[in-house]
J.: 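Could you have a look at this structure, given as structure tokens, before my questions?
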There are 2 protein chains.
Amino acid sequence: MDKILDIDNIDLKIISLLNEDAKTPYTEIAKKVFVSSGTVHVRMKKLEDMGIVKSATLNIDFSKLGYDISAFLGIYLEKSSLYDNVIEKLKTISEVVSAYYTTGNYSIFAKIICRDTNHLRLVLDNIQKVDGIDRTETLIVLEESINRPIQFFDKEK
Amino acid sequence: MDKILDIDNIDLKIISLLNEDAKTPYTEIAKKVFVSSGTVHVRMKKLEDMGIVKSATLNIDFSKLGYDISAFLGIYLEKSSLYDNVIEKLKTISEVVSAYYTTGNYSIFAKIICRDTNHLRLVLDNIQKVDGIDRTETLIVLEESINRPIQFFDKEK
DNA sequence: TATTTATTTGGATTTAATCCAAATAGAGTT
DNA sequence: AACTCTATTTGGATTAAATCCAAATAAATA
């Protein structure tokens, strides 16, 4: 077992509520969880210190900011030992928002966000040029039908 | 063109800073952007009203909460016209955190987060049972090498 | 230039975060 | 069960931020 034992239902409820809206005042969270706001504060500090709550970010509608196209990339490497090198290169391409080592055919599975088809082409070109990358398969996102935080509360008692 | 014209560099800078840490006080943002905190407030209200900033969420280390396995699923449908129906069913499965309509072989591309391999099996079973789903391909995430917000600022002047 | 409209400012007010000493609860010991 | 030690919670006091708003400024229009 690990640190999960240090986390109780109060912690989970706090995280769960703040995960829906990270700007909810602790005073309001406190009411819903039936503790004082001081306790919410202490608990959140603990969760941050433990690295469970890493930060808070905005949920932005990128299409309204002109970023209209996102795509998943299945990347094939020449040799799978090149993984770390290629990841380092991908980190320098700001349009790459995530990259994973996964089971299955692909050596790397990544996601990119671009402004338009032209921009997408440029980014794909840049990625193809990276040393060690053999070829890529592109899954362009035409619709995002679900995108939500995980509900880790209310599963088990 | 669309509403992008209503957004200036001050807006972008504000979003960009808050996207790194959504809890940064507006007073601090104000200093960095060289406007008053009242202006930050007005701008954020505008951005929220426009639907550009939708909410703020926590960035949680799920593995530390016992959710150790995530996976991408390529889902094949019996008929692509079943898309909406299947999405509705997937929405009822809380482990499904995202689902997309994409180009390529898959009819639906989804992501799930599970506690362990057993839990993963249960969830995959549930998904297989959904009416209209033919078969699925599972890409299990073994490592998350990149995961970051898009940097939409500092691209063009 | 004059007039209208939109935006910013800075201070006044309300609200929340933060800190902390005291109170309480819990765990372990005899 | 009473006692001790430790950890957690509480609520209020203090500091800091959000929010609101009227006045000032800037920008747009005629």
Side-chain angles (χ1 to χ4, degrees), chain A residues 1-61 64-66 149 152-154 156-157, chain B residues 1-61 64-66 149 152-154 156-157:
Chain A
M1 292 288 167
D2 49 55
K3 299 182 179 179
I4 295 165
L5 296 181
D6 293 341
I7 304 299
D8 64 11
N9 272 351
I10 292 176
D11 294 311
L12 291 180
K13 196 121 191 246
I14 291 171
I15 300 178
S16 196
L17 288 166
L18 283 172
N19 204 27
E20 281 167 29
D21 179 3
K23 301 211 79 180
T24 313
Y26 287 1
T27 49
E28 199 176 313
I29 301 289
K31 277 180 216 154
K32 291 184 182 169
V33 184
F34 302 107
V35 293
S36 73
S37 69
T39 298
V40 176
H41 196 256
V42 170
R43 297 297 189 103
M44 278 302 288
K45 183 158 188 338
K46 178 189 74 175
L47 291 165
E48 284 162 8
D49 290 346
M50 288 173 80
I52 290 174
V53 172
K54 290 184 285 189
S55 64
T57 61
L58 298 183
N59 187 357
I60 295 165
D61 185 334
K64 288 194 175 142
L65 282 178
F152 45 84
F153 197 64
D154 270 343
E156 54 213 319
K157 168 44 220 259
Chain B
M1 293 287 168
D2 49 55
K3 298 183 180 177
I4 296 165
L5 296 180
D6 294 340
I7 304 299
D8 64 11
N9 271 351
I10 292 177
D11 294 312
L12 291 180
K13 197 124 190 243
I14 291 171
I15 299 178
S16 197
L17 288 167
L18 283 173
N19 203 27
E20 282 167 30
D21 178 4
K23 300 211 82 181
T24 314
Y26 287 0
T27 49
E28 198 176 315
I29 302 290
K31 276 181 215 154
K32 291 184 181 170
V33 185
F34 302 107
V35 293
S36 72
S37 69
T39 298
V40 176
H41 196 255
V42 170
R43 296 297 189 105
M44 278 302 289
K45 183 158 187 337
K46 178 188 76 176
L47 291 165
E48 284 162 7
D49 290 346
M50 288 172 81
I52 290 174
V53 173
K54 290 184 284 186
S55 64
T57 60
L58 299 182
N59 186 356
I60 294 166
D61 185 333
K64 289 194 176 143
L65 282 177
F152 45 83
F153 197 63
D154 270 344
E156 55 215 318
K157 168 38 224 254

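Each chain gets a letter, A, B and so on, in the order the sequences are listed, and its residues count up from 1.
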J.: At their closest point, which heavy atom of B/Val40 faces which heavy atom of B/Ile14, and how far apart are they?
T.: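 Taking every non-hydrogen atom into account, CA-CD1, 4.2 Å.
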
J.: Output the rounded distance in Å from CD1 (B/Ile29) to C1' (D/dA16).
T.: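 These atoms are roughly 16 Å apart.
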
J.: Specify the residues of residues 14-28 of chain B, ordered by number, for which at least one heavy atom lies under 4.0 angstrom from an atom of DNA chain D.
T.: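 Residues of residues 14-28 of chain B that come under 4.0 Å of DNA chain D are, in numerical order, B/Pro25, B/Tyr26, B/Thr27.
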
J.: Quick check against the 3.5 Å criterion: does A/Lys46 have a side-chain atom that pairs as donor or acceptor with the backbone of A/Asp11?
T.: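 No, A/Lys46 side chain to A/Asp11 backbone: no donor-acceptor pair under 3.5 Å.
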
J.: How close or far is atom P of D/dT8 from atom CG of A/Leu47, stated in whole angstroms?
T.: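 One finds 13 Å between P of D/dT8 and CG of A/Leu47, rounded.
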
J.: Would the number of heavy atoms belonging to other residues, nucleotides or ligands and lying under 6.0 Å from NZ of B/Lys45 be above 12?
T.: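 Result for NZ/B/Lys45: open.
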
J.: Assess whether atom NZ of B/Lys54 is packed by more than 12 heavy atoms of other residues, nucleotides or ligands within 6.0 Å.
T.: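 Result for NZ/B/Lys54: enclosed.
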
J.: Output the distance between atom CG (A/Asn19) and atom CG (A/Leu12), rounded to the nearest 0.5 Å.
T.: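 So the gap between those two atoms works out to 11.5 Å.
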
J.: As an exercise, state the distance from NZ of B/Lys32 to OG1 of B/Thr24, rounded to the nearest 0.5 Å.
T.: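 Answer for the NZ-OG1 pair, B/Lys32 versus B/Thr24, is 6.5 Å.
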
J.: Can you tell me how far apart NZ (B/Lys13) and CG (B/Leu18) are? Round to the nearest 0.5 Å.
T.: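 Going from the NZ atom of B/Lys13 to the CG atom of B/Leu18 covers 12.5 Å.
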
J.: Less than 4.0 angstrom between a side-chain N/O of B/Arg43 and OP1 or OP2 of C/dT8, yes or no?
T.: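 Result: yes.
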
J.: Quick one: are A/Ser37 and A/Thr27 in side-chain contact, heavy atoms under 4.5 Å?
T.: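 A/Ser37 reaches A/Thr27 side chain to side chain.
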
J.: Within this structure, what is the NZ-to-C1' distance between B/Lys31 and C/dT9, rounded to whole angstrom?
T.: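 That distance rounds to 17 Å.
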
J.: If an axis is fit to five pairs at each end of the helix from C/dT1-D/dA30 to C/dT30-D/dA1, what is the angle between the two, to the nearest 10°?
T.: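 End-to-end axis angle for the helix from C/dT1-D/dA30 to C/dT30-D/dA1: 30°, rounded to 10°.
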
J.: Expressed as a whole number of angstroms, how long is the span from A/Met44:CE to C/dA17:P?
T.: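 Going from CE in A/Met44 over to P in C/dA17 covers 11 Å.
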
J.: Whole Å only: how far is the CG atom of B/Asp8 from the C1' atom of D/dA26?
T.: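 It works out to 14 Å between those atoms.
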
J.: D/dC21 C1' sits how many Å from B/Lys45 NZ, rounded?
T.: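 Between C1' of D/dC21 and NZ of B/Lys45: 14 Å.
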
J.: Closest approach of A/Lys23 and B/Ala56, non-hydrogen atoms and distance?
T.: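 Closest approach of A/Lys23 to B/Ala56: CG-CB, 4.0 Å.
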
J.: Going by an N to O cut-off under 4.0 Å, is there a salt bridge joining B/Asp6 and A/Lys64?
T.: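 Judged by the 4.0 Å cut-off on N to carboxylate O distance, B/Asp6 and A/Lys64 do not form a salt bridge.
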
J.: Tell me the interatomic distance from B/Ile10, atom CD1, to D/dA26, atom C1', rounded to whole angstroms.
T.: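 Between C1' of D/dA26 and CD1 of B/Ile10: 13 Å.
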
J.: Using a 4.0 Å cut-off on heavy atoms, which residues in residues 35-42 of chain A reach DNA chain D? List them by number, or say none.
T.: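 Those residues whose heavy atoms fall under 4.0 Å from DNA chain D, taken from residues 35-42 of chain A in numerical order, are A/Val35, A/Ser36, A/Gly38, A/Thr39.
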
J.: When rounded to the nearest 0.5 angstrom, what distance separates CG in B/Leu47 from CD1 in B/Ile15?
T.: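 It comes to 4.5 Å.
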
